[in-house]
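Data block below; observations after.
Below, each value reflects all heavy atoms present in this structure, side chains not excepted, and no hydrogens, waters or symmetry copies. Within every chain, numbering begins at 1; the chains are lettered A, B, ... in the order of the sequence lines, protein sequences first and strands thereafter. If you're wondering where the values come from, they're calculated on a predicted model, not measured in any experiment.
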2 protein chains.
Amino acid sequence: MSNKENILSAALELFAEQGYDRTPTSQIARKAGVSEGLIFRHFGNKAGLLEAIIRQGLALIAESMQPYDDAAITPREAIVQHIERSFRLMRDHETFWRLAHKVRFQAAVQDVAAVQMEQVNAFIVTNLTENFEKAGYPQPQLEALLLFALIDAITLHYLADPSRYPLDAMQSLVRERYG
Amino acid sequence: MSNKENILSAALELFAEQGYDRTPTSQIARKAGVSEGLIFRHFGNKAGLLEAIIRQGLALIAESMQPYDDAAITPREAIVQHIERSFRLMRDHETFWRLAHKVRFQAAVQDVAAVQMEQVNAFIVTNLTENFEKAGYPQPQLEALLLFALIDAITLHYLADPSRYPLDAMQSLVRERYG
DNA sequence: TATTTTTGTGAGTGATTACTCACTTTTATG
DNA sequence: CATAAAAGTGAGTAATCACTCACAAAAATA
């Protein structure tokens with residue numbers, strides 16, 4: 001791993017644990033095993049570092065959320081597919097989600113990263129809307145928002161206390177409701 | 001309004017807008033029209049001020065969430081009642097919710113306020129579980145968690161962009177689903 | 001009225017922290 | 001090999017900010 005990558009992963013963990021504002025760049029540098037100056041050489045400023053992390057995470061999500069252009073899949077299957085994928089992402093990228101949710105309401109991110117986040121969300125909702133429509137739901141747009149909100153909230157509550165939250169059971173329940 | 005109240009309401013607004021970490025006590029004092037020292041005289045430290053605000057907000061919520069001990073109401077009605085009340089709270093205390101969600105993931109609140117928040121949540125979920133059970137749902141605990149999460153997320157998404165979010169329509173949709 | 005308690009002030013302080021910069025080392029390139 | 005470019009360092013800096021404290025005014029109490 002390059003120093004740049006070391007910085008990114010150290011910052012991801014620290015931001016996720018402590019929050020952006022409560023994590024000094026000095027601590028990131030220490031954890032990454034580099035000098036503090038290097039952070040600014042690579043990312044310009046602290047916000048730039050955060051942006052790079054979010055960009056990286058969003059790319060992962062966007063990738064794993066690509067819809068099949070396979071016409072063989074039914075809209076209902078596509079919806080269930082989306083649910084399964086969401087829960088998988090939740091489990092596989094816990095640290096990133098923790099960071100994302102921590103940072104979500106902070107003014108600091110009113111930059112490119114926030115815009116990108118919005119775009120990914122809009123893309124997902126649009127996709128869901130289409131599928132709900134094809135599946136014959138009377139209010140596909142609202143249904144899409146509802147499911148999106150539901151998954152979002154489950155992520156939130158799961159992250160708040162991963163060891164005690166009944167994630168598997170919730171996944172089944174949601175799957176059944178839309179399957 | 002006393003100076004103490006002035007401080008509380010100024011801080012509520014500023015914390016909700018800018019976040020706790022990004023709001024200097026000097027700014028709160030200026031907005032409240034008092035000296036900075038007075039904040040510390042009344043609340044000990046900045047965290048104490050936050051705690052007082054949250055305590056205040058939670059009292060409001062807890063009050064408005066008191067269950068009827070009226071046995072005349074059916075469990076299904078009680079659930080719908082809860083939904084209606086939640087949406088009402090959302091609209092009536094937008095600023096507090098914005099603060100609460102901003103602060104939710106910050107380590108700073110690992111104090112009495114966080115514990116109280118947990119208690120209110122647990123109380124709500126327990127109540128819902130009971131009603132889902134009486135209403136004959138096979139997995140009342142999970143159903144309660146699901147509805148709780150759903151409302152939580154709708155609040156979140158509504159707060160993110162109040163003017164564009166279809167809150168009324170969502171309320172209807174949720175009400176219908178459980179009515 | 002005299003005295004104690006509460007409320008209020010604001011200049012000052014020490015600690016923290018994001019960022020700079022002059023410089024060195026390493027890597028790439030002609 | 002020579003030179004340029006990129007990567008890396010760490011001491012230093014200016015700004016911010018939570019909090020203190022000596023003191024004053026107001027309010028409560030006796």
Less than 6.0 Å separating the ring centroids of B/Y178 and B/H82?
-> no

SB check A/E17 A/K102 (cutoff 4.0 Å) = no

Answer yes or no: is there an ion pair linking B/R88 with B/E84, defined by an N-O contact shorter than 4.0 Å?
-> no

Give the B/S/- string for nucleotides 5-19 of chain C, one per nucleotide from 5' to 3', where a protein heavy atom under 4.0 Å of the base yields B, of only the sugar-phosphate yields S, and otherwise -.
-> --BBBB------SBB

Could you tell me whether A/R91 and A/D168 make a salt bridge, using a distance below 4.0 angstrom between a side-chain N and a carboxylate O?
-> yes

Rounded interatomic separation in angstrom, taking CG from B/L50 and C1' from D/dC17 = 17 Å

Using atom CZ of B/R30 as one end and atom P of D/dT16 as the other, report the distance to the nearest whole Å.
-> 12 Å

Applying salt bridge (Lys or Arg N to Asp or Glu O under 4.0 Å), which residue pairs with at least one partner in residues 145-163 of chain B are found, sequence neighbours left out?
-> B/R104-B/D152, B/D161-B/R164

